[in-house]
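To start, the structure under review is shown below, and the notes come after it.
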Amino acid sequence: TQERTLIAVKPDGVQKRLVGEIIKRFEQRGFKLVGMKLLQASEELLAKHYHDLKTKSFYSSLIDYMSSGPVVAMVWEGSNVVKTSRAMVGETNPLDARPGTIRGDFSVDICRNVIHASDSVDGAQREIGLWFQSNELVDWESCLHSNTYQ
Ligand code: CMP
């Protein structure tokens with residue numbers, strides 16, 4: 001079954017010019033890009049996105065960091081994309097992330113860990129609904145088929 005997940009290049013990832021590298025890895029793996037935008041995330045959006053972390057000591061610095069610059073939010077689709085993208089991203093703490101993973105290759109700081117990936121299919125659905133309107137997601141393979149063949 002086709003899943004979708006929310007991938008976001010965090011402000012440090014955009015500043016470090018990692019957007020292209022990250023897109024390349026997801027494309028090369030064979031996943032399909034169905035939504036993408038560059039935005040400065042509002043505190044309101046981030047509060048919803050991180051509502052599970054509200055009681056953590058690092059919560060306010062996390063919101064400050066995530067709103068400190070633009071984020072590139074993307075929706076990727078494919079078989080098992082939620083679990084596979086977590087493996088491609090690596091552990092939350094970059095010091096635990098293996099070389100070859102995005103965090104393992106490009107970061108050393110848990111407070112600047114480059115990228116977000118949804119942690120479950122349900123979580124992905126919730127997060128995609130926060131970051132994207134349904135008309136911002138493009139099911140481009142079926143568009144091509146219906147235009148060409150039907
Ligand atoms: P992520 O797993 O994408 O989403 C939650 C984020 O909170 C996490 O990435 C880190 O950016 C941040 N985070 C998690 N644990 C800590 C921590 N112990 N200290 C600071 N930031 C953290």
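The basis for the numbers below is simple: all heavy atoms, side chains too, and nothing from hydrogens, waters or symmetry mates. As the structure lists them, so they are numbered: ligands from 1, and atoms in each ligand from 1.
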Stepwise, does the side-chain contact (heavy atoms from CB on, under 4.5 Å) test hold for I115 with F106? CA-CA 10 Å; I115 184 169; F106 300 115; over 6 Å; no
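- Summary of contacts: the protein heavy atom closest to atom 10 (C) of ligand 1 is I110 O, 3.4 Å.
- Using a distance-only test at 3.5 Å, with no hydrogens or angles considered, a donor-acceptor pair links the side chain of E136 to the main chain of Q133.
- Judged purely by atom type and a 3.5 angstrom limit, N113 uses its side chain to pair as donor or acceptor with the backbone of T92.
- Under 4.0 Å from ligand 1, not a single heavy atom of K56 appears.
- Between F26 and S85, some side-chain heavy-atom pair lies under the 4.5 Å cut-off.
- Contact check for H51 versus R126: side-chain heavy atoms found under the 4.5 Å cut-off.
- Residue contact annotation: R103 has a non-hydrogen atom under 4.0 Å from ligand 1.
- A distance-only check finds no donor-acceptor pair linking the side chain of E77 to the backbone of K32 [under 3.5 Å].
- Comparing Y50, F58, Y65 against atom 15 (N) of ligand 1, the shortest heavy-atom distance belongs to F58.
- Against a heavy-atom cut-off of under 4.0 Å, K10 is close to the following atoms of ligand 1: 1 (P), 3 (O), 8 (C), 9 (O), 11 (O).
- By the criterion of a heavy-atom distance under 4.0 Å, neither the backbone nor the side chain of E91 is placed next to ligand 1.
- When side chains are defined from C-beta on, L62 does not count as touching K56, because their heavy atoms never get closer than 4.5 Å.
- Applying the 4.0 Å criterion to heavy atoms of L53 picks out, from ligand 1, the atoms 5 (C).
- Heavy-atom proximity to C111, at under 4.0 Å, picks out these atoms of ligand 1: 20 (C).
- Near N113, meaning under 4.0 Å from one of its heavy atoms, ligand 1 places the atoms 8 (C), 9 (O), 10 (C), 11 (O).
- Taking every non-hydrogen atom of L62 and a distance limit under 4.0 Å, the qualifying atoms of ligand 1 come out as 6 (C), 7 (O), 11 (O), 12 (C).
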